[in-house]
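The block underneath contains the structure these notes are about, expressed in structure tokens.
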Amino acid sequence: MSREITQSENPRLTQCSKSQEPEKQPDPIAMPIEWEPPLTPIPRRCFIILCYIFVGDSNLQTFWEKVSRDSSKGWGDYHAEYFDFLNRISTVQGLLLTTTAVFISTAAPLSILNYAADIPYACLSESLVFALFGLFLQLFVSAYLGPRYKRTKTLDELKERRWMIFCHLFNLALPALLFNTSLGWLLAAIVITGCTSQSLLTRILTITTVAVLVLVEFLSFVVLPPFRKFWAVAWWGVHSHRSGHQG
């Protein structure tokens, strides 16, 4: 009799144990195969370099997980964060534009710092041009392209080709690239003015400051993540565990 009770209770106990087990979460949507790295060596290295420039990783997997979460809700959140960043950089771009315009339109207060010379003035002019184009592009992207970029339909179209997602990421990065280029021309004008100064002390201080800053930036790009992994992946072919299955 006890055996019959045990046998009759076994299915019920099994069902109860199954009901108490945590339900397995569905696997996330797989990344489009068109977004995978190329197989040939040279295109693969170019792919890795572009990924580090645009998304700060050696592949698009992390970017895909971010934009595809919650039924592509992450796509809208990603662009909302981007346009918030774009609004902040627009303010800084306006300050950079004003600073460059002041340098161009006013004479040097000291004769030993002649930034109205040919080469520094040419650098200042280039800085002004890139600042104007960058500010215009930021306003255009924020006001006109913003609502179109946030649509899920845009993500569906970008899944079709690898070059399409890179063009999209390039369009997003272009305002920041123009800002950095404008800032670079302004720094070049200031450095050249200091290096060609009539004062020996000014030349020594300028060269020493530039050398120290370049050395610190170089070491940060080589030693600190994520660029440390970038050099290993891009040039020596050393992959982490996450991207090793793609090699």
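Note that the coordinates shown come from a computational prediction; the quantities given were computed from them, not determined experimentally.
- Once rounded to the nearest 0.5 Å, the distance linking CG of Leu169 with CG of Leu174 reads 12.5 Å.
- Scanning for side chain to side chain donor-acceptor pair (under 3.5 Å) contacts around Thr100 gives Ser127, with sequence neighbours left out.
- Phe63 has its ring centre no less than 6.0 Å from the ring centre of Phe54.
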- Let me see the working for Phe179 and Phe130 under ring-ring contact (aromatic ring centres under 6.0 Å, His included), right down to the final yes or no. CA-CA 7 Å; Phe179 168 76; Phe130 279 99; over 10 Å; no

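- Partners of Phe140 by ring pair (Phe, Tyr, Trp, His ring centres under 6.0 Å), not counting sequence neighbours, listed by chain and number: Tyr144.
- The nearest pair of heavy atoms linking Ala176 to Ile89 is CA-CD1, 4.0 Å.
- Taking all atoms of both residues into account, the shortest heavy-atom contact from Pro37 to Arg44 is CB-NH1, 3.6 Å.
- For the side chain to side chain donor-acceptor pair (under 3.5 Å) test, residues two or more places apart in sequence or in another chain that qualify with Ser199 are Thr202.
- Here the closest heavy-atom approach between residue Pro120 and residue Ala189 is recorded as O-CB, 3.5 Å.
- Phe103 pairs by the ring pair (Phe, Tyr, Trp, His ring centres under 6.0 Å) definition with Tyr115, not counting sequence neighbours.
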- Task: Please step through ring-ring contact (aromatic ring centres under 6.0 Å, His included) for the pair Trp75 and His168, ending with a clear verdict.
- Result: CA-CA 13 Å; Trp75 179 256; His168 179 77; 5.4 Å; yes

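- The aromatic rings of Trp64 and Trp35 lie perpendicular to each other, with more than 60° between the two planes, well past the 30° mark.
- Remark: Thr196 pairs with no residue by the side chain to side chain donor-acceptor pair (under 3.5 Å) rule, at least two apart or across chains.
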- Glu81/Lys66 under salt bridge (charged side-chain N to carboxylate O under 4.0 Å, His left out): CA gap, chis, key distance, verdict: CA-CA 12 Å; Glu81 295 176 2; Lys66 183 176 182 179; 3.5 Å; yes

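- Here the closest non-hydrogen pair linking Cys123 and Ile192 is SG-CD1, 4.0 Å.
- Residues satisfying the side chain to side chain donor-acceptor pair (under 3.5 Å) test with Glu65, not counting sequence neighbours, are Gln61.
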